[in-house]
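All chains are named by letter (A, B, ...) in the order of the sequence lines, taking the proteins before the strands, and each is independently numbered beginning at 1. In what follows, every heavy atom counts, from backbone to side chain, and hydrogens, waters and symmetry copies are set aside.
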Protein chains: 2
Amino acid sequence: MPRPRQALLSRERIVETAAALIDADGLDAFSTRRLAAALGVRGPSLYNHFATKDEILDAVADSITGQVDVSFFGEVDWREALRRWGHGFRAALAAHPNIVPHLAQGPGRRPAALAMADAVYGGLVAAGWSPARATHIGALMRYFVTGSALGSFARGFVEDPGLYAEQYPHLSQAHRLAEHQQRVDEGAFALGLEALIDGLSHTYERLVGPLAPLPPEGGTH
Amino acid sequence: MPRPRQALLSRERIVETAAALIDADGLDAFSTRRLAAALGVRGPSLYNHFATKDEILDAVADSITGQVDVSFFGEVDWREALRRWGHGFRAALAAHPNIVPHLAQGPGRRPAALAMADAVYGGLVAAGWSPARATHIGALMRYFVTGSALGSFARGFVEDPGLYAEQYPHLSQAHRLAEHQQRVDEGAFALGLEALIDGLSHTYERLVGPLAPLPPEGGTH
DNA sequence: GTCTATATTTCGATAGAC
DNA sequence: GTCTATCGAAATATAGAC
């Protein structure tokens, strides 16, 4: 079936299918052959659209980053912006945990990741943070979000009561964590994000100046 | 050279060498054959000491976790304990970033990881936190530490001024981040950890009760 | 722009000699 | 407890036909 009239592949289809494969089977099991098979073509066809496997991974990572809304930076109070960004960033990454190790290596040359960094940093500096502190805040937020998306805390404990009973006296209920996986992980993230914003608010008042009380909802207008 | 009088391998030597190889070349490049070569033996010899490659990875991960001191949980104020644990945990993981994705999957059945979870959770509950909140705090701390060790923020930006100049107006200095990698990453982590502890202190006062001012140094005695 | 064919390398793990 | 030999599978990527 050489040279069909209508191209079978497109960068978009390849990226979508690659993301689904990585979600299902993990980064280690992801290969160009398996990706091609899932697309109904042979391996070498992919190289008409991407030069290397790594370019495909970059495209997958950036398509996920591109789903994160950062348009409100500079529009709403920085505390509210961090809150919205944090939740949105985590939601996008937690839907694709297997690619987080790749994505967490930094923006590199990926456009969506650079645009996100630009919006966050610009918004924080505009809010009064020093360049150095704005960098730190962007970094520590990425730490927290990528760490929370990298692996579920609750599912990290095996469901085997006997494992804990003897040697780990405080973990006697740990085997039940998996039942409540989503609630535990989201609750922990929410608690941490609010604590971070609260703590940073005090840092702001010490270094920059008094903060206005947050409006009940929405923008600064 | 069959059956030398003195065993050439030991679990300890294997784990040490495996950690060094993973640090140097990454998880993807780590194979039983390369590990054996680094140890001066042939691949199959490893299977006299470990049943699978994954068992070796688990042993490496747990040896790193075992370097983290948690003996002070229950001995000092919980805020000071979180501070010491956070810095120690990060230092241990940041020295071996390539194995963080494996380690971040949770304690599983690894003894040092379970002992760490046990000490942290027990210490927080003894300090007055509810079981649910103690779980959340253990989780959010792991998120923050693993995220910070997974990838340097500063090194995530390529050293190419031209990349940023046109499209990303706020990132015009981003190419200089790599020069200050350690300072940026450690500063961001320290700022985040202090903000977290500060924010959690207010949560504690709202949910549990007043907190004593922290003693200037050391334990509760 | 997809195909066939293939070069080249590497992998985890087992069997059985010593 | 190490070795040799090997199984069986899978990997990225290229060359060139159509």
Visitor: A quick test of your reading: do over 12 heavy atoms of other residues, nucleotides or ligands sit less than 6.0 Å from CD of Glu179(A)?
Guide: yes
Visitor: Counting N and O atoms only, with roles assigned by atom type, does the side chain of Arg13(B) sit under 3.5 Å from a partner on the main chain of Leu8(B), one being a donor and the other an acceptor?
Guide: yes
Visitor: Please report whether the ring centroid of Phe144(A) lies less than 6.0 Å from that of Phe189(A).
Guide: yes
Visitor: Would one find more than 12 heavy atoms of other residues, nucleotides or ligands at under 6.0 Å from atom CD of Glu12(A)?
Guide: no
Visitor: Is the phosphate of dG1(D) approached by Ser45(B) (side-chain N or O, under 4.0 Å from OP1 or OP2)?
Guide: no
Visitor: From the options dA13(C), dA13(D), dG1(D), select the nucleotide whose nearest atom is closest to the side chain of Tyr47(B).
Guide: dA13(C)
Visitor: Given 3.5 Å as the limit, does a donor-acceptor pair link the side chain of Arg176(A) with the main chain of Ser172(A), or not?
Guide: no
Visitor: Within the distance-only criterion (no hydrogens, no angle test), does the side chain of Asn98(B) pair as donor or acceptor with the backbone N or O of Ile22(B) below 3.5 angstrom?
Guide: yes
Visitor: Whole angstroms only, please: what is the CD-C1' distance between Glu55(A) and dA13(D)?
Guide: 14 Å
Visitor: Take the protein atom CD1 of Ile56(B) and the nucleotide atom P of dC11(C), then report the distance between them rounded to whole Å.
Guide: 13 Å
Visitor: Under 3.5 Å between N/O atoms: give me all the protein pairs with nucleotides 9-11 of chain D, atom names plus distance.
Guide:
unit_1: dA11(D); atom_1: OP1; unit_2: Ser31(A); atom_2: OG; d: 2.9

Visitor: For Leu46(B) and dC3(D), what is the distance between atoms CG and C1' respectively, to the nearest whole Å?
Guide: 13 Å
Visitor: Would you mind telling me which residue lines up with the more 5' stretch of DNA chain C, Gly43(A) or Gly43(B), judged by nearest nucleotide?
Guide: Gly43(A)
Visitor: I need the NE2-P distance between His49(B) and dG1(D), as an integer number of Å.
Guide: 6 Å
Visitor: Could you state the CZ-P distance from Phe50(B) to dT14(C), rounded to the nearest angstrom?
Guide: 16 Å
Visitor: What is the distance, to the nearest angstrom, from the CG atom on Leu8(A) to the P atom on dC3(C)?
Guide: 7 Å
Visitor: Can you tell me how far P of dT4(C) sits from CZ of Arg42(A), to the nearest Å?
Guide: 5 Å
